[in-house]
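We use all heavy atoms of the structure for the numbers below, so side chains are in, but hydrogens, waters and symmetry mates are not.
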Amino acid sequence: MILGDGGISTAGDTTDPRPVLIVTGLVQEAKIAAGPGMTVICSSSDPVQLRSLLADFDPATIRGVISFGVAGGLDPDLKSGAVVVATEVVAGNSRWSASEVLSDELIAGAGVGRQKVFRGGLVGVEKVVTGQAGKAALRSEFGAAAVDMESHIAAEFAAMAGLPFAALRVVSDPAHRALPEIATTAIKPNGDVDLRKVLRGIARNPLVIRALVSTGRDFNRALRSLRDCRSYLLGHTNLVSADA
């Protein structure tokens with residue numbers, strides 16, 4: 001899914017008028033990010049779909065790429081709602097550094113008010129990491145702060161196109177939280193929750209309700225934090241200068 005795009009420019013403005021590409025995984029994230037000067041791609045948490053969307057996307061129409069959304073926590077000190085601005089993204093043997101200029105702009109914008117911003121690495125994966133053991137293993141191997149399924153694909157796209165890249169991710173499920181399987185398998189292709197699948201899962205195992213409530217609470221907290229960060233995307237239209 002690709003939401004509206006369009007640059008903002010005024011007479012005498014020396015900044016690049018092209019929009020910024022915002023890469024998200026969930027419909028809720030895409031709706032938060034959408035706005036003037038932004039082109040938003042939503043993968044519906046499907047890496048294959050995201051690669052397909054980007055393969056058909058013309059990088060000449062944008063001036064930078066930002067991965068924006070929630071993530072799984074790897075650093076045990078980060079609670080749900082914690083804002084992470086990536087220093088780098090790693091996936092397997094590949095590693096991409098985030099643009100310092102773009103990342104500093106993100107920190108300056110998202111750090112307004114109540115927001116405390118952490119800088120750290122992100123790990124990119126192809127499937128949701130649900131268990132504590134899996135998160136701990138990624139933390140041990142890469143020393144990263146959080147994990148998601150879009151940032152590594154967005155970073156690779158930006159690198160191939162010669163565009164600056166940054167990532168702002170908010171921790172949803174912290175490192176100590178194990179996600180119930182229902183929370184990861186009941187997502188429809190459009191990003192909506194399949195309530196029938198959720199109800200069937202609860203019928204099979206009523207004990208999962210407590211885990212779902214905790215997961216939902218964490219997710220809602222993360223979305224509120226992500227909305228607070230949206231003021232940055234609305235208020236700063238000069239992410240990348242024309243001569244960058």
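- Listed by chain and number, the residues in a side-chain hydrogen bond (donor to acceptor under 3.5 Å, both in side chains) with Ser67 are Ser151, Arg169 (sequence neighbours excluded).
- For Asn93, there are no side chain to side chain contact (heavy atoms under 4.5 Å, CB included) partners two or more places apart in sequence or in a different chain.
- In this structure the side chain of Val84 reaches within 4.5 angstrom of the side chain of Val171, judged on heavy atoms.
- Looking at every heavy atom in both residues, Ala166 comes nearest to Ala98 through CA-CB, 4.5 Å.
- Put simply, CG on Leu223 and CG on Asp228 are 11.0 Å apart, with the number rounded to the nearest 0.5 Å.
- Pro19 has its side chain out of reach of Met38: every pair of non-hydrogen atoms, C-beta onward, lies at least 4.5 Å apart.
- In this structure, CD1 on Ile41 lies 4.5 Å from CG on Leu54, to the nearest 0.5 angstrom.
- Counting heavy atoms from C-beta on, the side chains of Leu78 and Pro174 never come closer than 4.5 Å.
- Contact of the Val129 side chain with the Leu138 side chain is registered, since non-hydrogen atoms from C-beta on lie closer than 4.5 Å.
- Here the closest heavy-atom approach between residue Ala91 and residue Gly124 is recorded as CB-O, 3.7 Å.
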Item to complete: Please assess Phe165 against Phe157 for the test side chain to side chain contact (heavy atoms under 4.5 Å, CB included), listing each intermediate value before the final yes or no.
Response: CA-CA 9 Å; Phe165 166 81; Phe157 174 79; over 6 Å; no
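- Put simply, CD on Glu88 and OG on Ser103 are 11.0 Å apart, with the number rounded to the nearest 0.5 Å.
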Discussion item. Determine whether Glu156 and Trp96 satisfy the following criterion, side chain to side chain contact (heavy atoms under 4.5 Å, CB included), listing intermediate values before the conclusion.
Written reply: CA-CA 7 Å; Glu156 182 179 35; Trp96 301 270; 3.7 Å; yes
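- Using a distance-only test at 3.5 Å, with no hydrogens or angles considered, a donor-acceptor pair links the side chain of Ser225 to the main chain of Gly81.
- The distance from the OG atom of Ser43 to the CD atom of Glu150 is 4.0 Å, given to the nearest 0.5 Å.
- Asp77 is not listed as a side-chain neighbour of Phe118, based on a closest heavy-atom distance of 4.5 Å or more.
- For Arg119, the side-chain hydrogen bond (donor to acceptor under 3.5 Å, both in side chains) criterion is met by Asp104, not counting sequence neighbours.
- Under the rule for a side-chain hydrogen bond (donor to acceptor under 3.5 Å, both in side chains), Thr87 has no partner lying at least two apart in sequence or in another chain.
- When the side chain to side chain contact (heavy atoms under 4.5 Å, CB included) test is applied to Val90, the partners found at least two apart in sequence or on another chain are Arg95, Val123, Phe142.
- Arg139 meets the side chain to side chain contact (heavy atoms under 4.5 Å, CB included) test with Leu74, Asp75, Pro76; sequence neighbours excluded.
- Here Arg18 contributes atom CZ and Leu163 contributes atom CG; the two are 7.0 Å apart, rounded to the nearest 0.5 Å.
- The salt bridge (Lys or Arg N to Asp or Glu O under 4.0 Å) pairs that include a residue from residues 35-55 are Arg51-Glu126, where partners are two or more places apart or lie in different chains.
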Item to complete: Determine, step by step, whether Gln28 and Lys31 satisfy the side chain to side chain contact (heavy atoms under 4.5 Å, CB included) criterion, reporting the C-alpha distance in whole Å, the side-chain angles of both residues, the deciding distance to 0.1 Å, and the verdict.
Response: CA-CA 5 Å; Gln28 297 96 321; Lys31 290 179 178 179; 6.0 Å; no
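- For the side-chain hydrogen bond (donor to acceptor under 3.5 Å, both in side chains) test, no residue two or more places apart in sequence or in another chain qualifies with Gln132.
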Worksheet item: Between Ser45 and Val128, is a side chain to side chain contact (heavy atoms under 4.5 Å, CB included) present by the stated rule, with each step listed?
Response: CA-CA 9 Å; Ser45 298; Val128 177; 5.9 Å; no
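- Ile153 is listed as a side-chain neighbour of Pro47, based on a closest heavy-atom distance under 4.5 Å.
- Side-chain N or O atoms of Ser140 include none that pairs as donor or acceptor with a backbone N or O of Ala136 at under 3.5 Å.
- Here the straight-line distance linking atom CG of Leu26 with atom CG of Asp148 works out to 10.5 Å at 0.5 Å rounding.
- Ionic pairing of Asp173 and Lys135 is present here: one or more N-O contacts between side-chain nitrogen and carboxylate oxygen are shorter than 4.0 angstrom.
- Nearest approach of Ile22 to Ala33, heavy atoms of both residues: CG2-CB, 3.7 Å.
- Ile66 places none of its side-chain heavy atoms less than 4.5 Å from the side chain of Val23.
- Smallest separation of non-hydrogen atoms from Ala30 and Thr24: CB-OG1, 3.6 Å.
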